[in-house]
J.: 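This is the structure, below, for whatever I ask next.
These numbers were taken from a predicted model, which means no experiment stands behind them.
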Amino acid sequence: MTLLKNPKVRGFFVMAASLVIAAASVALLVMNLNNSGFVEYAVHMEYIEYAMTAVLLLISVYIIYAGARDKKYHAVVLAIVQILATVGSELLFGGKAEAANALMLDNLSLLMVMLVGVVGSLICVFSVGYMEKYHHHKHVADRSRMFFAVVFVFMSAMFGLVLSNNLKWLLFFWEITTFCSYLLIGYTRTAEAIRNSYRALVMNIVGGLGFLAGIVWLYETQGIIEVDKLLALNPALVVVPVVFICFAGVVKSAQMPFSSWLLGAMVAPSPVSALLHSSTMVKAGVYIVIRLSPLLAGTKAGLFIALIGAVTFLFASLIAISERNLKRLLAYSTISTLGLIVACAGVGTYQAVWTAMLLMIFHAVAKALLFLCAGTVEGGTDSLSIEDMDGLIMKMPKVTVFILVGIAGMFLAPFGMLISKWQALEALVSVNPLIAVLVIFGSSATLFFYTKLMGKLIMIVHPAGKLEKGVTGGEWFTLGTLSILTVAACVVFPVISKYLIDPFIKLVYHSTVSMSAGNIVIMLLMMVFLLLLPLQIVLQRRDKRHVSAYLNGANLTEYKDAAEANDHFYTAGHNVQELKLSNYYLEEMFGEKRLGLVGIVLTSMLLAILCGVMFL
């Protein structure tokens with residue numbers, strides 16, 4: 001990618017590589033579906049860990065250089081600390097901390113491989129056409145070669161992360177994703193992009209240091225560095241290292257009080273938002289918490305991690321109500337859903353973990369679709385303000401249908417997110433009613449902000465020209481495929497559960513989760529009725545005709561133009577008034593300035609208590 005200067009040649013290789021990666025991910029799933037346990041692979045390469053350490057040190061040196069150049073001295077200090085911690089840990093290990101099996105494959109790993117390989121590859125295909133148009137609209141230097149190179153390194157690191165059994169390897173890939181996200185968020189090199197890229201970098205370096213502390217503590221107390229051996233231990237013996245590692249997961253998944261890095265990432269091109277917030281970066285955080293969830297079940301540490309997730313879910317959902325920018329609304333909804341996943345994983349029961357895995361699937365597909373649609377809308381309308389999206393169903397009908405499918409996937413019955421929330425409530429209420437109450441109120445807020453967004457998109461005030469001509473074939477392919485996957489994930493979710501999630505639950509918890517046949521039939525019937533809406537929009541859009549809105553007999557009828565008559569009316573005092581329709585945003589009640597600080601304070605207090613709990 002770095003060497004290919006010709007955009008068409010580079011685009012061909014991006015699509016070819018994406019096809020290979022997606023096909024390989026599916027093939028890996030098919031070949032390992034019948035495995036009943038952990039499949040471990042021994043990797044005996046004497047110098048591979050030395051190479052990993054060298055790469056991490058080089059990254060830290062680069063951060064010192066870049067931080068000094070950009071006058072971000074807090075990043076410089078943390079990079080120096082990172083170098084000292086890396087070198088110190090290697091001296092402590094003394095070359096003795098070796099894993100018998102460096103790689104591991106189970107159904108949780110397979111699930112993550114599928115999300116990264118399929119959803120990530122679709123985002124790459126979308127990016128080919130998007131990035132070419134992006135530089136026509138944005139007056140920033142074209143660094144597309146760097147963009148695609150970093151994206152593929154990013155995806156590679158994610159594969160390494162979810163397949164690593166050696167915690168030192170897992171940490172290496174963890175830090176690679178942090179560095180790649182820093183480069184991608186700062187892509188435009190504007191002052192805002194640079195500031196936000198360092199915010200993400202600094203927060204995730206702190207999380208990485210916590211991860212390293214957990215590995216060192218585990219090795220010093222138990223003499224192991226493997227995930228499978230860690231999961232086999234008594235939870236009481238490994239509370240401290242598990243909390244340290246889960247702390248890194250909380251940071252990476254942008255839970256409060258660390259959520260600001262994800263919101264800042266919105267300055268990056270939309271495919272970066274889709275990649276970071278759907279299939280990869282943030283999913284690494286919830287992946288590690290889910291992976292360690294059996295060690296959290298029934299513990300005080302697990303309870304406080306679950307409370308951090310539940311509080312984040314509630315406050316992020318409430319703040320999303322006040323957001324007028326589509327990408328920021330999607331960012332807050334992402335933070336909230338990740339909070340729900342963390343809450344389930346922190347509780348750690350088999351029903352809660354089953355729910356967390358389902359949430360990851362539905363969220364990855366639907367949210368990737370929504371972020372990419374947001375980028376397409378911005379390219380067509382040159383705006384991300386929700387108030388500028390009146391009648392988008394007329395301006396960009398296909399894209400709007402895709403957005404409606406994505407929104408439905410996030411909160412409407414019988415789509416998977418609602419199924420997962422229903423199961424989450426059932427799992428949480430028996431463990432901790434307070435967490436269940438937080439989830440109920442957060443879900444109510446989700447219903448509110450998604451419903452008013454849908455209403456804005458299909459509201460028609462006056463005729464508008466089509467704005468979809470510039471959308472490329474690769475973009476249409478990606479949006480269409482993700483829409484199909486969003487619906488398919490709901491239709492075939494019993495199959496997904498039976499062959500992918502249930503075996504993992506049975507392996508770890510020696511139990512199973514199932515849904516009755518009657519409920520499945522009801523869900524399928526609901527799906528058929530729900531699909532009639534977008535189908536009607538597609539089939540009947542040619543038969544639409546525009547008429548003036550009826551304003552209680554007060555239309556400005558002397559205007560011959562229907563659009564003018566529709567936009568103006570007489571008031572009771574016979575004054576001409578322009579018709580304006582707007583959503584409720586309720587900033588005074590749910591604004592970021594009002595609730596953001598409260599959420600940060602509450603979660604910071606929970607983190608402080610968690611630190612005390614793990615040493616008791």
J.: Quick one: does Met360's side chain get under 4.5 Å of Leu338's, heavy atoms only?
T.: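 The answer is no; the side chains never approach within 4.5 Å.
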J.: With side chain to side chain contact (heavy atoms under 4.5 Å, CB included) as the criterion, how do Ser164 and Met104 come out once you've worked through the C-alpha distance, each side chain's angles and the decisive distance to 0.1 Å?
T.: CA-CA 6 Å; Ser164 291; Met104 174 184 69; over 6 Å; no
J.: Rounded to the nearest 0.5 Å, how far does CG of Asn325 lie from CE of Met266?
T.: 9.0 Å
J.: What pairs of residues pass the ring pair (Phe, Tyr, Trp, His ring centres under 6.0 Å) test when at least one of them lies in residues 205-243, not counting sequence neighbours?
T.: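 Every pair satisfying ring pair (Phe, Tyr, Trp, His ring centres under 6.0 Å) with a residue in residues 205-243: Phe93-Tyr219, Trp174-Phe211, Trp217-Phe615.
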J.: Verify side chain to side chain contact (heavy atoms under 4.5 Å, CB included) between Phe313 and Ser443, making sure each step is shown before the conclusion.
T.: CA-CA 9 Å; Phe313 175 66; Ser443 298; 3.7 Å; yes
J.: Could you give all pairs that pass the salt bridge (Lys or Arg N to Asp or Glu O under 4.0 Å) test and reach residues 153-172, with sequence neighbours left out?
T.: Glu49-Lys168, Glu90-Lys168
J.: Any sub-3.5 Å donor-acceptor pair from Glu192's side-chain atoms to Thr190's backbone N or O?
T.: no
J.: Taking the six-membered ring for Trp and the full ring for Phe, Tyr or His, determine whether the centres of Phe258 and Phe247 are under 6.0 Å apart.
T.: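 Between Phe247 and Phe258, which both carry aromatic rings, the centre distance is below 6.0 Å.
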J.: For Leu326 versus Ala374, what's the shortest heavy-atom pair and its separation?
T.: CD2-CB, 3.8 Å
J.: Any non-hydrogen side-chain atom of Leu56 less than 4.5 Å from a side-chain atom of Ile83?
T.: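 They are not in side-chain contact.
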J.: Could you note down all residue pairs passing side-chain hydrogen bond (donor to acceptor under 3.5 Å, both in side chains) where residues 238-252 supplies at least one of them, sequence neighbours left out?
T.: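 Residue pairs passing side-chain hydrogen bond (donor to acceptor under 3.5 Å, both in side chains), neighbours aside: Thr177-Lys252, Thr178-Lys252.
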J.: Give the C-alpha distance, both sets of side-chain angles, the deciding distance and a yes or no for side chain to side chain donor-acceptor pair (under 3.5 Å) between Ser333 and Tyr450.
T.: CA-CA 9 Å; Ser333 70; Tyr450 274 132; 3.2 Å; yes
J.: Is any side-chain heavy atom of Leu314 less than 4.5 Å from a side-chain heavy atom of Val439?
T.: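 Leu314 vs Val439: side chains apart.
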J.: Enumerate, atom names and distances included, each donor-acceptor pair closer than 3.5 Å involving a side-chain atom of residues 224-241, sequence neighbours excluded.
T.:
| residue | atom | partner | partner atom | Å |
| --- | --- | --- | --- | --- |
| Glu226 | OE2 | Ala100 | N | 3.1 |
| Glu226 | OE2 | Lys229 | NZ | 3.4 |
| Asp228 | OD1 | Asn165 | ND2 | 3.1 |
| Asn234 | OD1 | Ala236 | N | 3.0 |

J.: Quick one, Leu607 and Ile308 - any side-chain contact, counting heavy atoms below 4.5 Å?
T.: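 Result yes, sub-4.5 Å side-chain heavy-atom pair found.
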J.: Might you point out which heavy atoms bring Phe304 and Val613 nearest each other, and give the distance in Å?
T.: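 Result for this residue pair: CE1-CG2, 3.9 Å.
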J.: Looking at every non-hydrogen atom in both residues, tell me the closest pair between Pro269 and Lys327 and how far apart they are.
T.: C-NZ, 4.2 Å
J.: Hey, what do you get for OG (Ser604) to CD1 (Ile609), rounding to the nearest 0.5 Å?
T.: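 Going from OG on Ser604 over to CD1 on Ile609, the span is 11.0 Å.
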J.: By the salt bridge (Lys or Arg N to Asp or Glu O under 4.0 Å) test, which pairs, at least two apart or in different chains, include something from residues 103-116?
T.: Asp106-Arg291
J.: For the residue pair Leu103 and Trp169, establish whether any side-chain heavy-atom pair is separated by less than 4.5 Å.
T.: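 Yes - at least one pair of side-chain heavy atoms lies under 4.5 Å apart.
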J.: Does Asn107 use its side chain to pair, donor to acceptor, with the backbone of Pro503 at less than 3.5 Å?
T.: no
J.: Is there a side-chain contact between Gln82 and Leu212, using heavy atoms and a 4.5 Å cut-off?
T.: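 Side chain of Gln82 against side chain of Leu212, heavy atoms only: no contact under 4.5 Å found.
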J.: At what distance, to the nearest 0.5 angstrom, does OG1 of Thr334 lie from CG of Leu330?
T.: 6.5 Å
J.: So which pairs with a foot in residues 586-608 pass salt bridge (Lys or Arg N to Asp or Glu O under 4.0 Å), sequence neighbours left out?
T.: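 Passing the test, one end in residues 586-608: Arg324-Glu587, Arg328-Glu592.
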J.: In Å and rounded to the nearest 0.5 Å, what is the CD1 to CG distance from Ile288 to Leu161?
T.: 7.0 Å
J.: Counting heavy atoms not belonging to Lys300, are there more than 12 under 6.0 Å from its NZ?
T.: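 Not more than 12 within 6.0 Å, no.
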J.: Let me see the working for Asn196 and Trp261 under side chain to side chain donor-acceptor pair (under 3.5 Å), right down to the final yes or no.
T.: CA-CA 7 Å; Asn196 292 348; Trp261 80 256; over 6 Å; no
J.: What is the minimum heavy-atom distance between Met155 and Gly120, and which atoms define it?
T.: CE-C, 3.8 Å
J.: Working note: Tyr332 + Phe449, criterion ring pair (Phe, Tyr, Trp, His ring centres under 6.0 Å); need CA distance, chi angles, decisive distance, verdict.
T.: CA-CA 11 Å; Tyr332 267 116; Phe449 69 72; 9.4 Å; no
J.: Return the minimal non-hydrogen interatomic distance between Leu296 and Cys246, and the atom names on each side.
T.: CD1-SG, 4.0 Å
J.: Treating Ser273 as the side-chain partner and Phe371 as the backbone partner, does any N or O pair qualify as donor plus acceptor under 3.5 Å?
T.: no
J.: So, Lys452 side chain and Ile321 main chain: donor-acceptor pair closer than 3.5 Å or not?
T.: yes
J.: Asp70 side chain to Lys72 main-chain N or O, any donor-acceptor pair under 3.5 Å?
T.: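 Checking the backbone N and O of Lys72 against the side chain of Asp70, no donor-acceptor pair under 3.5 Å is found.
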J.: When rounded to the nearest 0.5 angstrom, what is the spacing between CG in Leu507 and CZ in Phe504?
T.: 7.0 Å
J.: Apply side chain to side chain contact (heavy atoms under 4.5 Å, CB included) to the pair Ile341 and Val289, showing each step before the final yes or no.
T.: CA-CA 9 Å; Ile341 297 174; Val289 181; over 6 Å; no
J.: My understanding is that only one of Ile435, Val342, Thr312 makes a side-chain contact (heavy atoms from CB on, under 4.5 Å) with Leu307; could you say which?
T.: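 Answer to the side-chain contact (heavy atoms from CB on, under 4.5 Å) test with Leu307 among Ile435, Val342, Thr312: Ile435.
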J.: For the residue pair Asn583 and Tyr585, establish whether any side-chain heavy-atom pair is separated by less than 4.5 Å.
T.: yes
J.: Would you mind reporting whether Leu276 and Val282 have side-chain heavy atoms less than 4.5 Å apart?
T.: no
J.: Looking only at non-hydrogen atoms, find the nearest pair between Gly375 and Ser270 and report the distance.
T.: CA-OG, 3.1 Å
J.: Under the side chain to side chain contact (heavy atoms under 4.5 Å, CB included) criterion, do Leu57 and Val87 qualify, and how do the steps go?
T.: CA-CA 9 Å; Leu57 291 175; Val87 173; 4.0 Å; yes
J.: Quick one about Tyr509 and Thr349 (side-chain donor to acceptor, distance below 3.5 Å, no hydrogens or angles considered), yes or no?
T.: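 Tyr509 and Thr349 do not have a side-chain donor-acceptor pair below 3.5 Å.
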J.: What distance separates Leu485 CG from Phe362 CZ, expressed to the nearest 0.5 Å?
T.: 12.0 Å
